[in-house]
There are 2 protein chains.
Amino acid sequence: MPTSSSGTGQRPRSRAAAGLPAITADRIIDAATTLTGERGLDNWTLRELARAVEAYPAVIYHHVGDRDAVVNAVVDRVVGLLELPDPDLPWQQWFTELLAGLRAVLRAYPGCARRLALFGPSVEAATRSIDAGVRVLLRTGFGRESVLAYNLLLMTACQFVAMEDDRDGALALRIDNTEEYATYRERADLPGMAELGSAMHDLMGDPDLAAGYYAQVYDYAVQRCLDGLTHRLAELRESDDPGLTAT
Amino acid sequence: MPTSSSGTGQRPRSRAAAGLPAITADRIIDAATTLTGERGLDNWTLRELARAVEAYPAVIYHHVGDRDAVVNAVVDRVVGLLELPDPDLPWQQWFTELLAGLRAVLRAYPGCARRLALFGPSVEAATRSIDAGVRVLLRTGFGRESVLAYNLLLMTACQFVAMEDDRDGALALRIDNTEEYATYRERADLPGMAELGSAMHDLMGDPDLAAGYYAQVYDYAVQRCLDGLTHRLAELRESDDPGLTAT
DNA sequence: ACCTGAACACCGTTCAAGT
DNA sequence: ACCTGAACACCGTTCAAGT
């Protein structure tokens, strides 16, 4: 039994009316979104969600569906939080702002980034941002490659946020390779590994550096993608042959 | 009981010697790798793995460890299959070849790409390719950014392979949004979505195009990253200030 | 229509006991 | 040291029965 609020139970009508608010799909998704914000998308069970809304697991099925349906609803809700930049911005700046906002939103709901990177959002939730983003690229001159370029930017962004999310999870579990990598920093026989080891060592020594590290990695990735697309745009304009065929 | 081969049972010594080969960590990881190749890293259970080597689940724990330990061993083995290009190749070509090989290897063992994108390989398994890759970038002139650039390339590659893997899984489950997106292709009010819809529609109409689609998306992503890094390299050479600080 | 309460068929993991 | 066999504490999901 879901822990009842132990009311006096004078109500003769339906059980749920005994002081408990009505259970709706919306309320369930609210609770699931809250749980996701607190522990991440993969770190709550349907049974815990049911407990959170003071209901039985079967009630979740009745109102929303199986776990996957709940998760999809949560991801859609999170995607809905994303704000779109001013459409009149230059395209690089438009995407820089979009992706900065995306990181902020996704980081607040761990696990959503991974889900988005792998499956994408539902068509309905995605429409707003896809339309805006592809429109910016079309207007810029990416032609038939606009969709490809949009996907590259969004997926790269989601991927790097997913890495951050999982990194937090790994840190919580005390599985952190940083120290092990750092031991390689004097290995003259492996100069590549030594470079990595030295970077990891710097990171370990400076908490401020470590705090901003992932933001920097994210910005680096986004910036390199934008640079690569800028280069491609010049190629497209030169050849005057927009489209996928001329890769 | 693991389905015994129902031998005559004349052997007096240990149970395992009744016609069954000795169980070793190596044999377990072999079996796990085979299962992964057949169904993907997330689509077998420890109990199935135990059955595959005709042993009890506890035997897996005894020789290898928990499920995570087995999975890590499988991923390490898959990473070991990767061949490194000739170190004298120009850097872009070196990475183009590396990442083409990476896609081939990872696609043969679904689920490994995602794991790699999120956690990276174990330090030991990674050493070979990290050292070679970072060395190429150092020699090219990326200086302190070599590690960042290496990670960008490898993570982008893994991410796109992971998307392919999961796409296959989703197709098996008949959750495919392509058709839904295609319905937007005449929506003049949503020109961005219409562009996407039209791309999806083309894909649905031409099986050959669809077959090569993900390879193309992968190559596009890799190429844009390389272009972006080439651009960055020029900036670094101009400023003559190698390092992370000048982002 | 909505909720209850129990059940089903799994899962990863642990452990005392055997040899 | 290695294996057995059973158990534990979960999980998502289903379903007949209640109101």
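All heavy atoms count here, side chains included; hydrogens, waters and symmetry mates do not. Protein chains get the first letters and strands the later ones, always in sequence-line order, with residue 1 at the start of each.
The separation between A:Arg67 atom CZ and D:dT13 atom P is 9 Å, rounded to whole Å. Taking atom NE2 of residue B:His62 and atom P of nucleotide D:dG5, one finds them 17 Å apart after rounding to whole Å. Whole-Å rounding puts the A:Tyr56 OH to D:dG12 C1' distance at 18 Å. Nucleotide D:dC2 holds its C1' atom 17 Å from the CD atom of B:Glu54, rounded to whole Å. Atom OH in B:Tyr61 sits about 17 Å away from atom P in D:dT4, given to the nearest Å. Rounded to whole angstrom, the span from the CD atom of A:Glu48 across to the P atom of D:dA9 amounts to 17 Å. The distance between atom CD1 of A:Ile60 and atom P of D:dT14, rounded to the nearest whole Å, is 14 Å.
Taking the side chain of B:Val59 as heavy atoms from C-beta on, and the options D:dC3, C:dT14, D:dT13, the nearest nucleotide is D:dC3. Of the candidate nucleotides D:dT13, D:dT4, D:dC3, D:dT13 has the atom nearest to the side chain of A:Asp66.
Geometrically, A:Arg107 does not engage A:Tyr109 in a cation-pi contact defined by less than 6.0 Å to the ring centre and at most 45° from the axis.
Residues from residues 37-47 of chain A with heavy atoms under 4.0 angstrom of DNA chain D, sorted by number: A:Thr45, A:Leu46, A:Arg47.
Under the salt bridge (charged side-chain N to carboxylate O under 4.0 Å, His left out) rule, B:Arg115 has a single partner from B:Asp42, B:Asp165, B:Asp68, which is B:Asp68. Checked options A:Asp76, A:Asn72, A:Thr127; the residue passing with A:Ser122 is A:Asp76 (criterion: side-chain hydrogen bond (donor to acceptor under 3.5 Å, both in side chains)).
A close approach under 4.0 Å does occur between a side-chain nitrogen or oxygen of A:His63 and OP1 or OP2 of C:dC3.
Side chains of B:His201 and B:Tyr181 form no contact here, defined as non-hydrogen atoms less than 4.5 Å apart. Between B:Glu83 and B:Leu98 there is no side-chain heavy-atom pair separated by less than 4.5 Å.
Note: A:Asp166 CG to B:Arg114 CZ = 9.0 Å, rounded to the nearest 0.5 Å.
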Bracket string, DNA chain C, 5' to 3' - pairs by Watson-Crick or G-U geometry under 3.5 Å, | interstrand: ||.|||||...|||||.||
